[in-house]
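The shown structure was predicted, so the numbers you read here are calculated from the model rather than taken from an experiment. Labels below follow one simple rule: chain letters A, B, ... track the order of the sequence lines, proteins then strands, and each chain is numbered from 1.
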Amino acid sequence: MKYEHLQIEKKWQDFWVSNKTFRTPEIDELDRSKPKYYVLDMLPYPSGDGLHVGHPEGYTATDIIARYKRMRGYNVLHPMGWDAFGLPAEQFALKKKVNPKVGVEECVIRFRGQLQALGFSYDWDREINTTDEEYYKWTQWMFLKLYNSYFDVEENKAKPIGELKIPEGLNEEEKAKYIDSQRLAFISESPVNWCPELGTVLANEEVPEQMEKGFTVVRRMMKQWKLRITKYAQRLLEDLDRLDWPDNIKKLQTNWIGRSDGAIVKFEIKSNDGKDRSIEVFTTRPDTLFGATYMVFAPEHKLIPEITSDEQKEAVNKYIDAAAKKSDLERAELSKDKTGVFTGAYALNPASGIEIPIFISDYVLMSYGTGAIMSVPGHDDRDMEFAVKFGLDIIPVVTPEKFKDVAFRKIKTDEGEIIISGKGLEKMLNGEAKEFHAYCDEVKEGKTCFTEEGYSINSGFLTGLTTAEAKEKMIKWLEEKNIGRRNTNYRLRDWLFSRQRFWGEPFPLIHFEDGKIKALKEEDLPVKLPQVSSYTTSKTGESPLSLIEDWLYTTDPETGAKVKRETNTMPQWAGSCWYYLRYIDPKNNNIFCDIDKEKYWMPVDLYIGGSEHAVLHLLYARFWHKVLFDLGYVTTQEPFNVLFNQGMILGEDGVKMSKSRGNVINPDDMIREFGADSMRMFEMFMGPLEATKPWSTEGIAGLHRFLSRVWRLVVDDRTGEINSKIVNDAPTEDEKKLIHSTIKKMTHDIEDGDMKFNTSIAQMMIFVNEMYKLEKVSKEVVEKFILLLSPYAPHISEELWQRLGHSESLAYHTWPEYDENYTKAEQITVAFSVNGKVRSKKNVDVDMNEKDLEQAAFDDEFIKKHIMGKEVVRIIVVKNKMVNIVVK
RNA sequence: GCCCGAGUGGCGGAACUGGUAGACGCGCAGGACUUAAAAUCCUGUUGGCUGCAAGGUCAGUAUCGGUUCGAUUCCGAUCUCGGGCACCA
């Protein structure tokens, strides 16, 4: 009987499902004395195309770990579910004029079928779907928690909004406004990427994709819901330290959060109307304040209309209009050439006292810092470029270290140390400082821009200090004069949380006629999406929900007043922010996850997914988790303890798989032809999990060949009986050595967490090759090998296990132990080399002492030949490795 | 431009803390079985030169240089490819 993968795989998949082999018991039935292991895949979006070969790569790795841990006696949680809200489903629904639910259900069935066909050991009883009403009820519930919380800066944590201290002397309306301004979920007017053809806003990361398809994207101001993730910037940054994540992912998040330390500096504005005004700017280089020769405001800055002179009004307005029309992308792309307009207003440099002009330019972003900057063209590339273009003054205020001796002199006098620089010093130096002056001239002319740290020059009380010292001194000076303070800025923006779509979680909010907004109560959840058979986009930029009047108009459950529902829906990221908690307690109707169960299972012990989620999903989920922690709903500060990123699988031609290139490999075809076990084995054999590597159909055939060899080792091809060479004898010494070193290698490969399963598979191949050479093989050894193979190729393993006479599944059988004594060879090959070049090899006893080894080398004929007639100057002996003789 | 990561046979990739480069698989070549083919099994497979042969010898882990008795591994510079960020003051 040949290795019939289709039949075997079907048999065991049915067995696992009907026996619920991989069901994780509820917490009260669990043996709590056993350790737990929570191994999780990133929540997939069930697209219409079905799985591609990249999906099973990560899933196979987690499945191997899950199966291994079960055999090691852990309570394992290994669930799967669907992130089914999202734009593709919505586009499909609009095109086919159906409810997106219809398409999603089909996709889920297909995806689930494909995953089961690969034999993954998920507990399907815990399957979740972010679009189920019973699931998104809790997403809405969490939104309410965010809405009804504020961030206490003193305690550095979120608290219920009821605990917010409200400033005294406010009337009711002001109070409400103040409270709204502190909520973690808040509404604000902000620019969005509006796509007229699609009739929706797009997330930044969706813009390039849609523009490629020929759609237009314009910037537009709209009222948007946002989440105050910026309050958590510092904690999100600090807590990266406690996570066992790849360094590059930590770095990506660190950069994304983008902490900058510096100072806020206040500049007085000399306005044309004589009113007193001032403007604050953020700078990371307060030490260069003396070199600030102009200021730039973002075009959206509110102060511009007030300060612009009559003569400049027209030009300024024109510039603002033009900037508003540009999308973020265009603003960035056209950035090579700096543009801007003078406002006609001036500010006073607080350090030098010089009047400096105020410009507007779109190279300054309204969304970072204060939306205005002080420009130090001598020491900032962008400022330099702008200054050259507009003919503005440039003052060098920092010198590279190499000029520090000619840039200034410290002289001790009776009154203490004084600094001499400038003209006075020039005379003293007698022309010695030529190069330094050339540097200064180049800076002034806009030819050189020194952006690194050095020593302050031309900077009054800072002159002669290092950049670090000058920063400190300037901040102190600013604080004393009350015109500035130390400050930290983050690049992280608040999370734009609303989308004008149908297919997302509705916000649990109602709008009264007078414009007031009210959050619904927990007991009013879920706010369900309308059960329409089809719908259309609105032309106004509102969600399609705004056209569904039956749904839109409702009554306030408390007062019965006529109200409108909020028509925005949440972004796709929302549901995946907390799904890992729902798996723990998927059917709970009272809370999203019982805290006792959370305490047992969390944090996730291993989380595997693609690096495309390095920032967004992983940052958003960490943020939500921290809010839940602050409010006491979870006991862990971080959700994902260990993270691993799988690499991409390319097409056979070495480039990314895509429909247009026609190099897409369909896993269904592979499973049909070679089997799920071959597929799993090959995906792991291609290389380390993290590597990007090309697919090879010839390669998977090789793994199928290997599994056939395993099959024939156990089963007689012709009769279907157990291979007659398998005997009940005790294992021979050679067999023991082989199986024990195989167990050792495979155990270590899984335990070390590097996810390099390719070498484990190579070891299994070596094992099988060796067994083929033997006349008789011990059944005990073969059985141990099948246990080792089972996490990788579970179907064939179960089948062979059964054929060898076991009535129970091997899924919970103990993982084989190895004996260190059998993993060591008695003899080892050592290399003898002369001057570092290997000239001979010899088998010697393990741990032969250095003296004997050295002697063996000198006795070696080839070595003799190479050292004959030469002087031996040095001998290096490394036990069990080599002897190197250095001759002259 | 900035920040990561990677360059090893025809291909995917091995090589523990510096100590025998190329495990394992694919492909290819040769052989066995077969009327034949498929399947299977066995052998060989980094390159050059040399030898009838066993072998000998030199070169070789992107390039150049350094440290070392010894470097795929450590250090410096350069090149190429992949990924991320991109006016964040």
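A:L243 and A:K250 get closest at one heavy-atom pair: O-NZ, 2.7 Å.
The partner of B:C74, taking Watson-Crick or G-U wobble pairs whose two distances both stay under 3.5 Å, is B:G66. With a cut-off of 3.5 Å on both pairing distances, the Watson-Crick or G-U wobble partner of B:U57 is B:G48. The nucleotide B:U17 finds no pairing partner, because no Watson-Crick or G-U wobble arrangement with both distances shorter than 3.5 Å includes it. Under the Watson-Crick and G-U wobble criteria, each requiring two contacts below 3.5 Å, nucleotide B:U40 is paired to B:A32. Pairing of B:C81, defined by two Watson-Crick or G-U wobble distances under 3.5 Å, is identified with B:G5. Across all strands shown, the partner of B:C24 is B:G12, judged by Watson-Crick or G-U wobble contacts whose two distances both fall under 3.5 Å. Across every strand in view, B:C87 sits unpaired, with no contact that passes the Watson-Crick or G-U test at under 3.5 angstrom.
Taking atom C1' on both B:A62 and B:G19, the two are 24 Å apart, rounded to the nearest angstrom. B:C16 and B:G7: their P atoms are spaced 13 Å apart (whole Å). Comparing the same atom, P, in B:U72 and in B:A21 gives a spacing of 9 Å after rounding to whole Å. Across B:A54 and B:G47, the matching P atoms stand 16 Å from one another, rounded to whole Å. Remark: the separation of the C1' atoms in B:U63 and B:A39 is 47 Å, to the nearest Å. Comparing the P positions of B:A36 and B:A15 gives an interatomic distance of 44 Å, to the nearest angstrom. Between B:G22 and B:U45, the two P atoms lie 11 Å apart (nearest whole Å). Rounded to whole Å, the separation between the C1' atoms of B:A29 and B:C85 comes to 50 Å.
Within 4.0 Å (heavy atoms only), A:F862 reaches sugar-phosphate atoms of the nucleic acid but no base atom. Contact annotation for A:G258: no contact, since no heavy-atom pair falls under 4.0 Å across all strands. Residue A:S696 is classed as having no contact, given no heavy-atom separation below 4.0 Å to the nucleic acid. A:K881 comes within contact range of at least one nucleobase, with a heavy-atom separation under 4.0 Å. Backbone-only contact: A:S260 has heavy atoms under 4.0 Å from sugar-phosphate atoms and none from a base. Residue A:H866 is classed as a sugar-phosphate contact, given heavy-atom separations below 4.0 Å to backbone atoms only. When heavy atoms are screened at a 4.0 angstrom cut-off, A:V878 is found touching base atoms of the nucleic acid. At a threshold of 4.0 angstrom between heavy atoms, the contacts of A:M882 include nucleobase atoms, whether or not backbone atoms are also involved. Using a 4.0 Å heavy-atom criterion, one finds that A:I876 contacts the bases of the nucleic acid, with or without backbone contacts as well. Heavy atoms of A:N489 sit nowhere under 4.0 angstrom from any nucleic acid atom. Across all strands, A:K693 comes closer than 4.0 Å only to sugar-phosphate atoms, never to a base (heavy-atom distances). A:R493 comes within contact range of at least one nucleobase, with a heavy-atom separation under 4.0 Å.
Side-chain proximity of A:E698 to B:A89, B:C26, B:C4: nearest is B:C26. Checking B:G25, B:G12, B:U20 against every side-chain atom of A:N769, the shortest atom distance belongs to B:G25. The nucleotide whose nearest atom lies closest to any side-chain atom of A:T759 is, among B:C87, B:U20, B:A15, B:A15. With B:U20, B:A89, B:G12 as the candidates, the nucleotide lying closest to the side chain of A:V838 is B:U20. In the set B:G84, B:C41, B:G25, the nucleotide with an atom closest to the side chain of A:L252 is B:G84. Closest to the side chain of A:I373, out of B:C24, B:A89, B:C85, is B:A89.
Checked by atom type and distance alone, the side chain of A:Y232 never pairs as donor or acceptor with a backbone atom of A:R622 at under 3.5 Å. At distances below 3.5 Å, at least one donor-acceptor pair connects side-chain atoms of A:T293 with backbone N or O atoms of A:D393. Judged purely by atom type and a 3.5 angstrom limit, A:H704 has no side-chain atom pairing as donor or acceptor with the backbone of A:I700. Judged purely by atom type and a 3.5 angstrom limit, A:D362 has no side-chain atom pairing as donor or acceptor with the backbone of A:A298.
For A:N758 and B:A23, the shortest distance from a side-chain N or O to OP1 or OP2 is not below 4.0 Å. Dashed line: the shortest gap from a side-chain N or O of A:K756 to OP1 or OP2 of B:A15 is not under 4.0 Å. Applying the 4.0 Å criterion to OP1 and OP2 of B:U20, one finds that A:S833 has every side-chain N and O outside that range. The phosphate of B:C41 (OP1 or OP2) has a side-chain N or O of A:R709 nearer than 4.0 angstrom. Between A:R491 and B:C85 there is no side-chain N or O to OP1 or OP2 distance below 4.0 Å. Residue A:R705 places at least one side-chain N or O closer than 4.0 Å to OP1 or OP2 of B:C26. The side chain of A:R839 contributes an N or O atom lying less than 4.0 Å from OP1 or OP2 of B:C58.
Per the geometry, CG belonging to A:D653 stands 16 Å off P belonging to B:C11, to the nearest Å. The nearest whole Å value for the distance from the CE atom in A:M474 to the P atom in B:A89 is 19 Å. Rounding to whole angstrom units, CD of residue A:E683 and P of B:G13 are separated by 14 Å. The distance between atom CG of A:L289 and atom P of B:A89, rounded to the nearest whole Å, is 17 Å. Straight-line distance from the CG atom of A:L707 to the P atom of B:C26: 12 Å, rounded to whole Å. For the pair A:M648 CE and B:G12 P, the interatomic distance rounds to 16 Å; values are reported in whole Å. As rounded to whole Å, 10 Å separates atom P of B:G25 from atom CG of A:L703. Regarding A:F832, its CZ atom lies at a distance of 14 Å from the C1' atom of B:G19, rounded to whole Å.
Inspection of the A:S840 and A:D860 side chains reveals an N or O donor paired with an N or O acceptor under 3.5 Å.
Between A:A762 and A:P694, it is A:P694 whose nearest contact on RNA chain B lies nearer the 5' terminus. Sequence order on RNA chain B of the closest nucleotides to A:K251 and A:K745 puts A:K251 first from the 5' end.
Within the model, atoms CG of A:L707 and CZ of A:R712 stand 11.0 Å from one another, a figure rounded to the nearest 0.5 Å.
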Handout entry: Steps toward side chain to side chain donor-acceptor pair (under 3.5 Å) verdict (A:S611, A:N645)
Key = CA-CA 5 Å; A:S611 58; A:N645 285 123; 5.1 Å; no

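Taking 3.5 Å as the limit, the base of B:C69 and the side chain of A:N884 contain a donor-acceptor pair of atoms between them.
Salt-bridge formation is detected for the pair A:E280/A:R485: a Lys NZ or Arg NE/NH1/NH2 atom is positioned less than 4.0 Å from an Asp or Glu carboxylate oxygen. At a threshold of 4.0 Å, the pair A:E770-A:K773 counts as salt-bridged, since one of the basic side-chain nitrogens sits closer than that to a carboxylate oxygen.
B:G9: glycosidic angle within 90° of 0, hence syn.
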